[in-house]
Structures are given as C-alpha cells and as structure tokens.
2 protein chains.
Amino acid sequence: MPSEERRELVLDAAMTVFGDLGYAGATTDMIARAAGVSQPYVVRMFGTKEQLFLDVLGRALDAIMQAFRTAIAGDPDLPLQRRLGLAYFELTANRGILLCLMHAFALGADPVIGPAARCGFMEVYQLLREEGGMDAPEASEFLAGGMLANVVLGVRLFDDYDSDPAVQELMGAVFPEKLDLIRRSHPPLKAATPARGGVSAPPR
Amino acid sequence: MPSEERRELVLDAAMTVFGDLGYAGATTDMIARAAGVSQPYVVRMFGTKEQLFLDVLGRALDAIMQAFRTAIAGDPDLPLQRRLGLAYFELTANRGILLCLMHAFALGADPVIGPAARCGFMEVYQLLREEGGMDAPEASEFLAGGMLANVVLGVRLFDDYDSDPAVQELMGAVFPEKLDLIRRSHPPLKAATPARGGVSAPPR
DNA sequence: GATCTTTGTAATCATCCGATTACCTAAGTC
DNA sequence: GACTTAGGTAATCGGATGATTACAAAGATC
C-alpha cells in the first residue's frame, strides 16, 4: 500500500483513539492496532506521538474550516447561523474530530499543544468573524453552542438518553430537529449510569 | 498534621495538576510534590489515582452546585442569569475546578469516569432547571456560555491577550465587564503563540 | 541480476509510573 | 514503660510505553 494511503488510515485511527482517551491516555500501540499496522511504524511515520497528535489536530481544524467555508458559501435562502449549525451538526458524525479538539483545548498549559490549540481556536473564530461576516457577540454565541455540543458528545450523554428524561430534554435543546439523526450515528455503549461516587475511604 | 487537613491539601494540589495535564497526563508523583507529601502517601489516602480523580471531580461539582445555589438565593433585584453568570465568573478564579470538569467531560468513553461525568453534568443541568426555575432553552444557553468560558480558560487564551486583538475582542464578548478581573487572576505563562505546525515529515 | 528504495515488522531498550511493602516516629493509652 | 494507633516515608517492584535498532520482502532502476 502506498504510504500516503496508509498515513490517512493511521490518522483516522489516531483521531478516534485520541478522541476517546485523550492525548496522554492514548498509546501509539492502540493507534497502530486500530490502523492495522505495527507500533514502530506509527512512530516512524510521525516522528513522535506528540507530532502525531498535532497532525490529528490540524486535520480536525481543517475539517471544521472547510465545513464552515462550504456553509458560508451555501444556500443564501437559509440564515447563516442555520447553515453553520447544520454544517457543525454534520461534523458530529465523526466523534474524533470534535473530541480531539476538546482535548487539545483543555491542554492549553502544554508548551507544544497549547500554542497550536490557541492558534486553531482563533482561526475558527476569525473565520466566523471575517468570512462569515458575524460580529463578535454572534460569533461568540455560535462558538458557545458548539462547545456545549462538543461536551454533550464527549460526555456521551446519548448513553443515558433512554433512561433519563432530562437528557432527552437537554439534547433536544442542544440539537434542535436533528436529535434522531445524531442518535443514530452515536449508538450507546451501554445502558445505566449510576450515581457519582462519594468520598473515597480506602482500607489501610 | 491531622489527616483531614492533609487530605484537603492533596485534593487542592490534585485539582491543579489534573486541570493542567488531564487525568492520564498527571502523575501521582507530581500531585504529591505539589502537595508536599510523598507519592505513596497520596496513593494510600485515595486507594488509586482513578479514585483520586473521582474525588477531585466530586469536589469540583460541589463547588459549582454550591456557587449556583448561593446565586439563586441571592439578590433578587438582579436578573437570575446575571447572578449565575457572576457566580460562574468567580469560579474561574480557580482554574482547577473548571478544567478538571472539562477533562472529565471529554472522557465519557471511560467506563468509570464517564458515568460519573455524565451524572455530574446532569446534576448541574437539573439544578438550573429546577432550583433555578429556568426552562430548557434558557438552561441550555447558560450552559453553552459556561462551556465556552471553560474552553477559553483551558486553552489559555489570556496568554495571547496582549498580542492578538481578536483575542481581546472574543474575550470581551465571553467575559463582559469582567475582563480586567479575570486577566488579573490568570497571568500569562509566556508571550508568543506561533502558527500551528504543518504536516510532519520526520527523517528516516 | 545486482543494487537501491519503499514499505513494513520483530525484538528490544530505557524510562516512567502506579502500586506495594516494609519500615519509622511521635503521640496517646493502659 | 510496654503497647497501640495515626501519620508518614524510603525503597522497590512489575508492567506499560515511546522510541530505537536491526532486519526483511517487494518492487523499481540500471
């Protein structure tokens, strides 16, 4: 297989694994297995795990930027916010894109990932402001809705959809009109979510 | 020192370290050093690193719930959204609280942390709905603003405040009227953020 | 057909990290 | 003063993990 193609496979796998486990929680071996290659090959393709994450982050940002640009250039009969909302909704079909972004956004203190995440975040904001023609409050409100959607996705609220009416209500507010679609593309892992544990008291 | 007191010190340290590095990225040794105790002592106090994170998560949720309850019971001359917004703003004084939550919210696929994070997230939502008397869209919009604030905090956008006018604009929209205060409590780590790196091409 | 490049893997290394064990000291308690 | 308990550490262990090295097989090139 040509290395370009293999590289895409590895990047796809890495996006999924990083998305579920975070940067530090994912291992190059998991990613390699998910991509069907050996662990040393992953390292040699990208140099370091850190660089692999940066590449995944760049790919996720590219996906968002492209989706937004397409939406901005789309059907002018629909209001812009609606077009962008639909575009964002379509991005949720791939958990990895948005979850890797969220992990990166939470690692601002990292000396390498932090600057890249800041830069990417502001790139998206600038796209909304300049190419989208939004003013600051509009762009900020749109971003806020996106961040909430990311969290709902990241925390896997769908997993409790059937058992918790409050989850149904909240998700209905976060993904208006699109709930059925989003649930179909994110089947629950398992059913019950118990209460959060109290204070630990380990035996000596 | 009584162990209760020591426990609080360790929980404080853990909240900071977990907040900056994430669950998997933080080590029990870093937390121990930050708290001024030995690494085995941290493990023995909480049983496992995972349980320590759960305790930190619970403590962060308690802080939010209490802040919101106080705000709800507060000065009725101010609108509720404003009171809650101010309460949330005060929470940002401790990065750890909100960043640990964000890390937990991004780990929904974890079999132990995921359920706890879902439960905590819904607890906050229910508080806004029931005790706060908000309807679903109001609560959802408020949460969205909070999640954006968390991301701005997590990605350390302040670090680029002086060098990037777009950052100033966005942060002005996210933290209305409170910018000066929030910047004072979050001094930048260092100045410049370079462009995000391109595609990696390691030497063979 | 010998050589070189590309595409890959098996084996291994050095390090880190969570956890365990064994101990230590000081303060109560009898 | 012997004994117990609480608060704490040094040393260490075993497993995981990112990275490195050495090697191999399949084309391309001459």
Side-chain angles (χ1 to χ4, degrees), chain A residues 1-18 20-57 100 103 107 110-113 197 199-204, chain B residues 1-18 20-57 100 103 107 110-113 197 199-204:
Chain A
M1 181 182 297
S3 75
E4 272 303 312
E5 198 173 334
R6 188 73 81 181
R7 183 189 187 86
E8 297 301 309
L9 283 182
V10 173
L11 280 170
D12 278 346
M15 197 174 277
T16 300
V17 177
F18 278 135
D20 274 346
L21 302 173
Y23 169 61
T27 73
T28 55
D29 188 60
M30 292 177 191
I31 293 167
R33 285 174 198 274
V37 298
S38 67
Q39 180 264 340
Y41 196 41
V42 169
V43 174
R44 206 181 52 188
M45 260 195 290
F46 296 91
T48 64
K49 176 184 171 182
E50 185 178 73
Q51 184 60 52
L52 171 56
F53 187 77
L54 290 176
D55 284 4
V56 166
L57 175 59
C100 285
H103 285 293
L107 292 179
D110 183 282
V112 174
I113 297 174
V199 172
S200 62
R204 284 200 54 136
Chain B
M1 180 180 298
S3 76
E4 271 304 312
E5 199 172 335
R6 190 72 83 180
R7 183 189 187 87
E8 297 302 308
L9 283 182
V10 173
L11 280 170
D12 277 346
M15 197 175 276
T16 300
V17 178
F18 277 136
D20 274 346
L21 301 173
Y23 169 62
T27 74
T28 54
D29 189 59
M30 293 177 191
I31 293 166
R33 285 174 197 274
V37 298
S38 66
Q39 179 264 342
Y41 197 41
V42 169
V43 173
R44 207 180 54 185
M45 260 195 290
F46 296 92
T48 64
K49 175 184 171 182
E50 186 178 69
Q51 184 60 52
L52 171 56
F53 186 76
L54 291 176
D55 285 3
V56 167
L57 176 58
C100 284
H103 285 293
L107 292 179
D110 182 283
V112 174
I113 297 173
V199 171
S200 63
R204 285 200 54 137

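It should be emphasised that the depicted structure is a prediction, and the values quoted were computed from it without experimental measurement. Proteins come first, then strands; the chains are lettered A, B, ... in the order of their sequence lines, and each starts at number 1.
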Specify the separation, in whole Å, of atom CE of A/Met45 and atom P of C/dT6. 15 Å

B/Tyr41 OH to C/dG18 P, in whole Å, measures 19 Å

Calculate the interatomic distance between A/Asp29 atom CG and D/dA19 atom C1'; express it in whole Å. 13 Å

Side chain of B/Val37 - closest among C/dG18, D/dG18, D/dT9: D/dT9

Separation of D/dA19 P from A/Leu52 CG (nearest whole Å): 10 Å

Does the side chain of B/Ser3 get closer than 4.0 angstrom to OP1 or OP2 of D/dG7 through an N or O atom? yes

For A/Gln39, which of A/Val42, A/Val43, A/Val37 qualifies under side chain to side chain contact (heavy atoms under 4.5 Å, CB included)? A/Val43

Restricting to non-hydrogen atoms, name the atom on A/Asp110 and the atom on A/Ile113 that form the minimum distance, rounded to 0.1 Å. OD1-N, 2.7 Å

Considering only heavy atoms and no angle criterion, is a donor-acceptor pair shorter than 3.5 Å present between the side chain of A/Arg6 and the base of C/dG8? no

Answer yes or no: does a side-chain N or O of B/Ser38 lie under 4.0 Å from OP1 or OP2 of D/dG8? no

Between A/Arg33 (CZ) and D/dA16 (C1'), how many Å, whole number? 12 Å

Identify whether any heavy atom of B/Ala26 sits under 4.0 Å from a base atom; if not, whether one sits that close to sugar-phosphate; answer base, sugar-phosphate or nothing. sugar-phosphate

Rounded off to whole Å, could you give me the NZ-to-C1' distance for the A/Lys49 and D/dT20 pair? 17 Å

Step by step, work out the side-chain contact (heavy atoms from CB on, under 4.5 Å) result for B/His103 and A/Leu107. CA-CA 9 Å; B/His103 285 293; A/Leu107 292 179; 3.9 Å; yes

d(CZ, A/Phe46; C1', D/dA19) in whole Å: 16 Å

What is the distance, to the nearest angstrom, from the CD atom on B/Gln39 to the P atom on C/dG18? 7 Å

Provide the closest heavy-atom pair for B/Ile31 versus B/Ala13 in the form atom of the first, atom of the second, distance. O-CB, 3.8 Å

In terms of relative ring orientation, are A/Phe53 and A/Phe18 parallel, tilted or perpendicular, with 30° and 60° separating the classes? perpendicular

Compare the minimum distances between each of D/dA19, D/dA11, C/dG8 and the side chain of B/Pro40, then state the nucleotide with the smallest one. D/dA11

Shortest side-chain distance from B/Arg44, nucleotide among C/dA22, D/dA19, C/dG18: C/dA22

